[in-house]
Amino acid sequence: MNDQNLMEKIVSLAKRRGFVFPGSEIYGGLAGTFDYGPYGVMLKENIERLWLQMFRDGRDDMYGVDATILMNPRVWEASGHVSGFSDPLVECEKCKRRFRADHLEDAATCPECGGKLGEARQFNMMFKTHAGAMEDESATVYLRPETAGGIFMNYKNVMDALHPKLPFGIAQIGKAFRNEIAPRDFIFRLRELSQMEVEYFVKPSEWQQAFEEWRRMMHSFAEAIGLPSGMVHELEVGDSDRAHYSKRTIDFEFDYPFGRKELWGLAYRTDFDLSAHEKGSGASLVYLDEETKEKFIPHVIEPSLGVDRTLLAVLASAYREDELGGETRTYLALAPKIAPVKAMVSPLLKNKPELVLKAREVREVFKKVHPAIAWDDNGNIGKRYRRQDEIGTPFCITIDFDTLGENPDLIDTVTLRHRDTGEQERLTIADAAERIREAIS
Ligand code: GAP
């Protein structure tokens with residue numbers, strides 16, 4: 001399967017099985033927007049939950065916030081986004097299409113019509129709107145381009161409310177908006193995206209240690225969501241390519257079907273943001289070290305992870321096709337921890353009330369292990385397995401006449417089918433429940 005083909009198959013499966021739909025599709029869509037469907041929401045939430053567990057809740061030095069998308073525009077003036085959050089834009093003089101100059105191989109010729117491209121100019125990527133009834137410049141507000149801004153706005157509030165000692169961090173998951181010149185590659189480059197971000201505040205002398213700690217954490221997270229380590233690469237970003245606020249950045253790149261591209265970023269933002277906001281707002285953002293009586297602005301390490309790019313990496317690395325039982329099948333080899341559905345329970349035959357009753361009872365047992373246990377009694381058992389394979393359900397459990405005691409040795413046992421191999425084993429209900437628990441814990 002070539003890479004273009006693989007991408008088409010992923011997009012098609014995502015739509016067909018209810019993971020990701022084009023935004024406002026019946027009106028022809030809107031470039032750079034996608035909606036998550038039923039299984040997409042479950043997968044996304046599982047990824048976010050795991051991130052929260054590893055980056056926030058599993059640690060004593062982390063706090064959460066949920067800040068607004070609309071903020072005082074001075075936030076983005078102070079942070080440098082109003083003046084500097086831009087990409088180089090070129091326009092074709094013939095067909096008027098616009099491109100990102102740094103994405104073009106030939107900076108002079110239009111890749112669509114061969115026309116002459118104009119001079120590159122900087123295009124600010126922040127979406128502008130107006131707060132209130134006035135639509136003049138004084139009412140301009142921006143949709144936040146990174147969730148980080150809301151974290152910096154709450155640094156002082158968290159300090160005043162909880163008095164944490166350095167080092168500590170604030171984590172947030174939320175939407176960010178970027179008016180990308182050329183949104184593309186499905187959910188890779190979006191205009192409306194979700195980020196999972198941490199701003200970790202440290203003493204200036206301790207930034208390197210914290211940088212290394214979060215670097216390891218990002219690799220652990222990649223492993224936890226099932227990304228093969230050979231597909232995740234670090235790129236030390238050079239001086240001229242780093243964002244204006246960063247003194248060191250490592251991009252975590254992933255081998256997407258369309259090439260090796262940025263998945264996440266880890267940046268050392270120094271005291272750039274807090275100093276800029278102190279200057280911009282006049283509020284003191286100084287930290288007092290109670291032991292040494294030293295006063296300083298904390299420095300910041302920022303692991304920043306895009307949810308959508310993570311989900312795409314998960315889908316791309318999990319997509320499989322193989323031959324099973326003489327048929328070609330498609331399945332997603334998702335890590336059980338993040339799979340939308342953990343197991344499907346099914347009576348062997350739909351028209352045997354005693355099987356259906358028992359299967360419903362068994363499903364309730366498994367639901368105590370995890371709520372995402374599906375029920376399927378539609379079509380033949382092979383079709384049910386294929387449907388679950390395509391959404392990445394790790395286990396299918398079938399209740400048959402032996403479960404009811406037709407063979408007394410097998411009473412209260414079920415067949416447990418493994419997604420990746422299609423192999424089945426006969427287990428007691430309790431052992432099957434334990435298998436599921438082990439796989440997802
Ligand atoms: N707060 C730092 C920051 O926003 P960034 O490198 O611009 O840094 C961080 O973005 C992450 O957000 C990226 O590594 C990527 O995962 C995600 N991201 C950025 N732009 C995106 C876009 N247009 N569509 C989808 N995800 C995007």
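All ligand and atom numbering here is 1-based and tracks the order in the structure. Side chains are part of it too, since the values below use all heavy atoms of this structure and drop only hydrogens, waters and symmetry mates.
Side-chain polar atoms of T398 and Y385 form a donor-acceptor pair below 3.5 angstrom.
Within a 6.0 Å sphere centred on CD of E236, heavy atoms belonging to other residues, nucleotides or ligands number more than 12.
Sorted by chain and number, the residues within 4.0 Å of ligand 1 by heavy atom are E146, A148, R178, E180, F188, R189, L190, L193, Q195, E197, Y245, E262, L263, W264, G265, R269, E302, S304, G306, R309.
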Evaluate the criterion side chain to side chain donor-acceptor pair (under 3.5 Å) for residue pair R384 and S346; output intermediate values, then yes/no. CA-CA 8 Å; R384 297 178 208 165; S346 176; 2.4 Å; yes

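Between W51 and F55, the two ring planes are parallel [angle under 30°; tilted spans 30° to 60°]. Ring geometry, H277 versus F152: the interplanar angle falls from 30° to 60°, so the pair is classed tilted.
For the pairing with F254, the ring-ring contact (aromatic ring centres under 6.0 Å, His included) check across F258, F252, Y256 returns one residue only, Y256.
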